[in-house]
Number of protein chains: 2
Amino acid sequence: MNERATLKTIAKATGYSITTVSRALAGYDDVAEATRAVIQSSAQQLGYFPNLTARQLQKQRTDTIGIILPSVGPRFADPYFSLILAGIGDEIAVSGYDILISTRPPGPAELEAYRSIVEGQRVDGIVVIRTRLEDERIAYLAERGFPFVAFGRTTLDLDYPYIDEDGEAGTYELILHLAQLGHERIAYIAAPQHLTFGYNRLKGYKRALDDTGLVYHPEYVEVGDLTRRGGSAAAEKLLAKPLPPTAIVAANDLMALGTMNHLQQNGLRIGIDISVAGFDDIPAAEALGLTTLNQPIFRIGHQLSQMLLAVIEGQHLAEPKLVLKPKLLIRASVGPPA
Amino acid sequence: MNERATLKTIAKATGYSITTVSRALAGYDDVAEATRAVIQSSAQQLGYFPNLTARQLQKQRTDTIGIILPSVGPRFADPYFSLILAGIGDEIAVSGYDILISTRPPGPAELEAYRSIVEGQRVDGIVVIRTRLEDERIAYLAERGFPFVAFGRTTLDLDYPYIDEDGEAGTYELILHLAQLGHERIAYIAAPQHLTFGYNRLKGYKRALDDTGLVYHPEYVEVGDLTRRGGSAAAEKLLAKPLPPTAIVAANDLMALGTMNHLQQNGLRIGIDISVAGFDDIPAAEALGLTTLNQPIFRIGHQLSQMLLAVIEGQHLAEPKLVLKPKLLIRASVGPPA
DNA sequence: TAGATGCTCCAAAACGTTTTGGAAGAGAGC
DNA sequence: GCTCTCTTCCAAAACGTTTTGGAGCATCTA
């Protein structure tokens, strides 16, 4: 690395002051066009590029937004995260913003990362994804008054902008569909219940059972860890019941895939001997004919970006709270009970 | 946002100088334990947190590495990117680093982003992923002498650290396997040929045909855009040939999935009427029984991180160039020709 | 008692930028 | 000749940190 050209370098080279050099390059009109030309050509020749860190310090803004991701291995392979990230990154880029990503295990280190990023002034705003019912991250950001938007609601009594899916309504519709097909023993592989979406989706399951006159049996509900493996393990337990379910609904597609794996290994024909459904509509779902609920995560990422930028600029949000109903996609993995 | 506490605030509050406050908090031993205690408690009470931007400016390092991702919509959903990102992020985090992500469309804006991030001193190092045969990004970084590692080789005559898969050997082995099963018309859906991995994988295909006495027919090769849709479109063209292939190999799993979709829609049974194989072993591949080549992308991300950190610290790399052979996974999507 | 040694502390410079508040000089108007 | 207004420029402060190179003072040694 050869030494970098700074404003001072150019100032020395051209004989003008640092101020003038700065203003010339920034396009201010209190510098003569002739001098501007001289300065610009000198800058060009020296390969000058402004030190963005210094600029950030001075301007007190970073043109960067932060996202903290849960680590814990390849779980991140969860298409959910990559899609939302793509949506956010794509959209935020057109406004000239970048994304700062910290990966932390959930827990104290995670909150510490939020503090570090916020108090350390490394970003102008934050997107919180996969909210929890009592989300300390949101509590912190709201209390701190720092610009942020969330993908997901909480049970906290706080006023903050978010987008969320209506996981309850989606699951409700799906269960209803199964009930109408004649299923009476519908098992559910739930997501961890401290996660908002996990809680809401399970709520939809229970409400649908209620409304269709079916009884809610806790033994037909397993909690999974959102991975394929977890889905497979839960399916195994459900199949071992004295009276196995005729349909298994998973709280996300990844677990539904795991369920399908396990069922097939046991010689069951999906959609004929037993029905399976998921939630998310990840790319593999279509390929496998998995009945699921689609939410346009990529576009939600776009919208979250736009909302966050508005918040950062202190604009008033027309719709600070958005709850989107997912779309039921019926595919071959679901059929009437055997 | 209430006003932030700085070193100056603490200095005023405690009566010590900024220097002493700074050194007390940084743990230097030239400050009395009594004063340190006073300063620490004051910092605590004022909720002090160092401004990381200022620190970066002073220390001339950011503890951040940069990655520039191609934008272009949901394509990013490509599990490739999310996996490598997860691998890098996970590993880099344990050393206290963060990741700065810019998403740019390939082209001049992309190179500009590299310049901005490098010259603007926003990161200490960069990971270049999905290299191209003549990669201007690598040319730039190498010429600039900036710390970086790449996932992928180039044809440039430059000495830089990288990890790459042996896409040629992998594809070669796969084609060989098909040939041994008796396939004679093996079609290939290639990746764009300016991408290193695309070029290498196709090379393996050609070499395998040669070595097995099969003839390379250009009309059995389509170039796809790496998406499901692209795979499906390519498969359609291949099926329309006067003498359709008995096996279709795609340069990545996503296109293989698209191919499977298309074939199934046309009533063909995968692995029986026609064989399909991919490359990458994305999560869906196992679920669908897709024969493919596995490369441990997540772990490669880990290794790339470690290499980059070593480069940043100026260490000598034991193995600056690594080419990994992918592992052939034979699944139900492949069988003898009908 | 002079000098040396340790322990605490701090002023100032530095990182590289932007912004503030003029100053110097030229030309215009009276 | 004097004031006013433009135009062009710049010194200095500011953003918040770390580092450099001492200074002041008490205690110890010879």
Side-chain angles (χ1 to χ4, degrees), chain A residues 1-40 42-43 46-64 116-124, chain B residues 1-40 42-43 46-64 116-124:
Chain A
M1 299 271 298
N2 33 19
E3 43 330 294
R4 225 173 268 278
T6 70
L7 289 182
K8 198 199 268 188
T9 321
I10 302 178
K12 283 225 175 82
T14 59
Y16 290 99
S17 74
I18 292 180
T19 306
T20 301
V21 172
S22 171
R23 298 183 73 83
L25 294 176
Y28 282 81
D29 63 357
D30 65 350
V31 26
E33 281 311 322
T35 23
R36 189 195 307 280
V38 169
I39 288 174
Q40 274 174 339
S42 171
L46 291 167
Y48 170 76
F49 202 98
N51 180 317
L52 298 177
T53 305
R55 179 177 287 175
Q56 284 171 18
L57 177 59
Q58 160 65 29
K59 291 213 159 183
Q60 294 290 86
R61 56 175 299 177
T62 62
D63 288 339
T64 304
S116 151
I117 250 178
V118 168
E119 314 292 345
Q121 308 213 56
R122 296 204 65 192
V123 301
D124 299 336
Chain B
M1 298 275 295
N2 34 17
E3 41 333 288
R4 223 174 270 276
T6 69
L7 290 181
K8 198 199 269 186
T9 321
I10 302 178
K12 283 226 175 83
T14 59
Y16 291 100
S17 74
I18 292 180
T19 305
T20 301
V21 172
S22 170
R23 298 183 72 84
L25 295 175
Y28 281 81
D29 63 357
D30 64 352
V31 26
E33 281 313 320
T35 24
R36 192 196 305 282
V38 169
I39 288 174
Q40 274 174 341
S42 171
L46 290 167
Y48 169 77
F49 203 98
N51 179 317
L52 298 177
T53 305
R55 178 177 288 175
Q56 283 171 18
L57 178 59
Q58 159 65 30
K59 291 212 159 181
Q60 295 291 87
R61 55 174 300 177
T62 62
D63 287 340
T64 305
S116 152
I117 251 179
V118 169
E119 313 293 344
Q121 309 213 56
R122 296 205 64 194
V123 301
D124 299 337

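Lettering of chains follows the sequences in order, A, B, ..., and the numbering in each one begins at 1.
Within 4.0 Å of T53(A), counting heavy atoms only, lies no atom of the nucleic acid at all.
The shortest side-chain heavy-atom distance between Q121(B) and T62(B) does not fall under the 4.5 Å cut-off. Residues R61(A) and Q56(A) are not in side-chain contact: their nearest non-hydrogen atoms beyond the backbone lie 4.5 Å or more apart.
Within the 4.0 Å cut-off from OP1 or OP2 of dC9(D), not a single side-chain nitrogen or oxygen of T20(A) is found.
Residue D29(A) places its CG atom among 12 or fewer non-hydrogen atoms of other residues, nucleotides or ligands, all under 6.0 Å distant.
Protein atom NZ of K12(B) is 16 Å distant from nucleotide atom C1' of dC10(C), rounded to whole Å. The distance between atom OH of Y16(B) and atom C1' of dT8(C), rounded to the nearest whole Å, is 9 Å.
Partner of T64(A) under the side chain to side chain contact (heavy atoms under 4.5 Å, CB included) criterion, chosen from D124(A), V123(A), I117(A): V123(A).
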Going 5' to 3' along nucleotides 13-22 of chain D, which nucleotides have protein heavy atoms under 4.0 Å from the base (write B), which only from the sugar-phosphate (write S), and which from neither (write -)? -BBBBBBB--

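Distance check: D63(A) CG to R55(A) CZ gives 9.5 Å after rounding to the nearest 0.5 Å.
A donor and an acceptor atom, one from each side chain of T19(A) and S22(A), are nowhere located under 3.5 Å apart.
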